[in-house]
There are 2 protein chains.
Amino acid sequence: MNQFSPERSLALDLDRTDPLSDFRDQFLIEDPDLIYLDGNSLGRLPKPAASLLQEAVTEGWGKRLIRGWNEGWFDLSSRLGSKLSKAVGAREGEVIICDSTSVNLFKLAAAALQIRPGRTQVISDVLNFPTDLYIIQGVIDRMYSGHRLDLMDSPDSLTIPEDALSELLGEETALVALTHVAYKSAFMYDMAAVTDLAHRTGALALWDLSHSAGAVELHLNEWGVDLAVGCTYKYLNGGPGSPAFLYVRKELQEELLSPLWGWFGTREPFQFNLEYEPGPGLQRFQVGTPPILSMLALEPGLDLILEAGVPALREKSLRLSEYLIYLFHEWLEPLGFQLGSPPQADQRGSHVSLRHPEGYRICRALIEPKEETRVRVIPDFRPPDNIRLGLAPLYTGYLDIHTALSRLRDIVSGELYRKYSPDRKTVT
Amino acid sequence: MNQFSPERSLALDLDRTDPLSDFRDQFLIEDPDLIYLDGNSLGRLPKPAASLLQEAVTEGWGKRLIRGWNEGWFDLSSRLGSKLSKAVGAREGEVIICDSTSVNLFKLAAAALQIRPGRTQVISDVLNFPTDLYIIQGVIDRMYSGHRLDLMDSPDSLTIPEDALSELLGEETALVALTHVAYKSAFMYDMAAVTDLAHRTGALALWDLSHSAGAVELHLNEWGVDLAVGCTYKYLNGGPGSPAFLYVRKELQEELLSPLWGWFGTREPFQFNLEYEPGPGLQRFQVGTPPILSMLALEPGLDLILEAGVPALREKSLRLSEYLIYLFHEWLEPLGFQLGSPPQADQRGSHVSLRHPEGYRICRALIEPKEETRVRVIPDFRPPDNIRLGLAPLYTGYLDIHTALSRLRDIVSGELYRKYSPDRKTVT
């Protein structure tokens, strides 16, 4: 990392020579003094999404009315899924957009357990995002009352040891359900290796790609991945609560049955038959009428990801995070901060967590400074002490990082966070 | 019905004296020659929804970014649910907006069966919307493998005989799950009487209000209704695929557990606990991050419903449908049309189905006339022969009906529909 230096001029240089720098102009960035490092939670607004939605509302809903369903809405789930499949290493027909990540997890976990009858063990880890643990425990409760999800532990709160999975895996394992990139530490699994390990005992592997899609390279087919879900409002920039995606490997599609037998999943929804007949391929994993406006809004973000290309995005993301970690060592480590993410690039997704006992108040001071500064920084806080800095390679610049870390340094060295209450009042 | 006459001047008079006529101006109606009678499938665009969405995208997502969650998005499900509760006769805290109607049905049906252990019978009817039958059969399949949903038959394809339910109800009945207003015939149950009958055997009653909310009077509390769901894109004018609603009577809320244990349903989502703890009240029926843009768009429609008031809406809806039925008898019955809806007002919702063996081709001729006429009429078609005419009292006028029925008369008397293929190609 000794190619870096702490001077602001280096940040400017790095931005100038960034091959992806033009993509920043594709996003609405109203206030240059607002440093947004929360694209891992809600991605920025791609400019074309605003006009597209305006058109969809006035021309589509307003003037085409019900005819909109025959003019693109009905196929939207699969058409956008097809675009996304190119960013995750899947084939045509292996990805659809629908429902929320939680609902999609429910469908796939329940479907997976049904084709591994008699096997009652499901494995996950303590770093997983809570909704994944809740949803899957809920599925187990209904199917194997009394059984508990088996969680791999994280002795360092950052990573899961390499041998943890093989210690738990056995002939009773039905499913290994993990998040590829952990939401707090950004720890990233070796998806190919873990999937292979699961397969060797006859278990299926289900991955949550919420913190991966659009930021790290994914080769779902090549890695033999069975099932995956993920949200579209983080690095894919789909807008607040934009519908999620799900992936099922082609060879499994006809074998799996969704527990949610909705009319959008039946073979011929507009025949209105009384009997449910699972539709072909992934159609069976659609359920009810999808929220069209929220779904339409996610296309411009997908287009930008495909235009930039995931390998280039990953390359920039790694360089951004290495620069951030360099400045952390220079400025913040001496002030009591700890690195809350794995230092090795191949074990890390696209955000960096910095831990500090006063993390929550520091976040408040970053977001709503009470002293005279135009600069505000938006990270997010994850209890107990994680300040999460998201690096969205389409629009995050090196100067953003330089500015944010200088603010962090000033806030802690000047004890500016003491003006803020330690009581958490906000929801995010 | 002898207060009506077939002259166009009467339609103009009726529109002029309509106490709700001003509401029509609140909707985008670009082309006066496009008669829209499909508001029972997708309601028109309330003008304020367009500007509200523009603002939500640019100012909310674009500029407030993640802070939007603390500034109204997080509570949106319950805040909009609270508005809707006023239109369905429910108390504060008994309605939330979330997911799709199908997903909500799944949650409530599964939760209901769990509190009626040992009872394996679920009753519905053949007039129910297919997704209701599919979803509930899917729930039964998982919980009571081999059992089948019991369906009340409809000898006339229009209504369900009054004694059908008591013939099926017994001590093994867990749940009576019905749609209040049938999607084809608009047959409307006596919700209070049916609910009471179900309760007498210890069963719960779950109602789908998709074709009721915003169009017919609902007194869910007064009628003792346990559970209900419904969509918001029909008479509530929420936009294509806008999120659905669910209702749970207060006294049942703490007893019921959703099968979908999502993070938005846990007591403190932003504590990120590893263990799921069902949130208080209806919060536990939320699941994943909701599609904010689609949800925001539905508020203007709700406001208009509340402003007009459901009793006034129902009164106008009935008068519209009586006028329509009058013109049907005058003009269409002699041409081979049959009334596909109950003639009695208290057994009918807010649309009228007209049946004709050439129904599909007639619909095509209405929508895309091949002869020289500026007038186009949008109804929808439901197999095998239903031409469904939706009467949305906020914006449907008497002249709309007069024009639409004259077109129907001309199309059939002139055999204009013969220019159209009988092959159904479109999805809706």
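Keep in mind that this is a model prediction, so the values were computed, not measured.
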Using a cut-off of under 4.5 Å on heavy-atom pairs, state which of [options] scores highest against chain B.
options: A:L53, A:V103, A:N104, A:I367; result: A:V103
options: A:T101, A:T58, A:D141, A:D99; result: A:D141
options: A:L151, A:V57, A:N128, A:V139; result: A:V57
options: A:P240, A:A50, A:P259; result: A:P240
options: A:M143, A:M295, A:R148, A:K184; result: A:R148

Please determine if A:R64 and A:E59 form a salt bridge, counting it only when a charged side-chain N lies under 4.0 Å from a carboxylate O.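 Salt bridge: no.
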
Check for a donor-acceptor pair, side chain of [X] on one end and backbone N or O of [Y] on the other, with a separation under 3.5 Å.
X: B:D208; Y: B:S210; answer: yes
X: B:Q137; Y: A:E275; answer: no
X: A:W73; Y: A:N70; answer: no

Heavy-atom contact with chain A under 4.5 Å, split by part of [X]:
X: B:I378; answer: side chain
X: B:D75; answer: neither
X: B:L133; answer: side chain
X: B:A110; answer: both
X: B:S51; answer: neither

Six-ring centre of A:F27, A:R44 cation under 6.0 angstrom, axis tolerance 45°: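 Not satisfied by the 6.0 Å and 45° rule.
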
Please identify, among [options], the residue contributing the most non-hydrogen atom pairs under 4.5 Å to chain A.
options: B:L274, B:L149, B:L257; answer: B:L274
options: B:G288, B:G68, B:G60, B:S294; answer: B:S294
options: B:P130, B:S100, B:G43, B:A244; answer: B:P130

By salt bridge (Lys or Arg N to Asp or Glu O under 4.0 Å) - contacts of [X] (at least two apart):
X: B:E268; result: none
X: A:K234; result: none
X: B:E277; result: B:R267

Assess the side chains of B:T232 and B:S242: does a donor N or O sit below 3.5 Å from an acceptor N or O?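 The criterion, which ignores hydrogens and geometry beyond distance, is satisfied for B:S242 and B:T232.
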
Sort by residue number and list every member of residues 28-37 of chain B having a non-hydrogen atom under 4.5 Å from chain A.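 When heavy atoms of chain A are the reference, residues 28-37 of chain B contributes B:L28, B:E30, B:L34, B:Y36 within the under-4.5 Å range.
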
Atom CG in B:L80, atom CG in B:L298: separation rounded to 0.5 Å?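 Here the rounded value is 5.5 Å.
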
For the pair A:S102 and A:T131, evaluate side-chain hydrogen bond (donor to acceptor under 3.5 Å, both in side chains) and give the outcome as yes or no after the intermediate values. CA-CA 6 Å; A:S102 299; A:T131 211; 2.8 Å; yes

Ring centres under 6.0 Å, that's the criterion: do B:F285 and B:F264 meet it?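 No, the ring centres sit 6.0 Å or more apart.
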
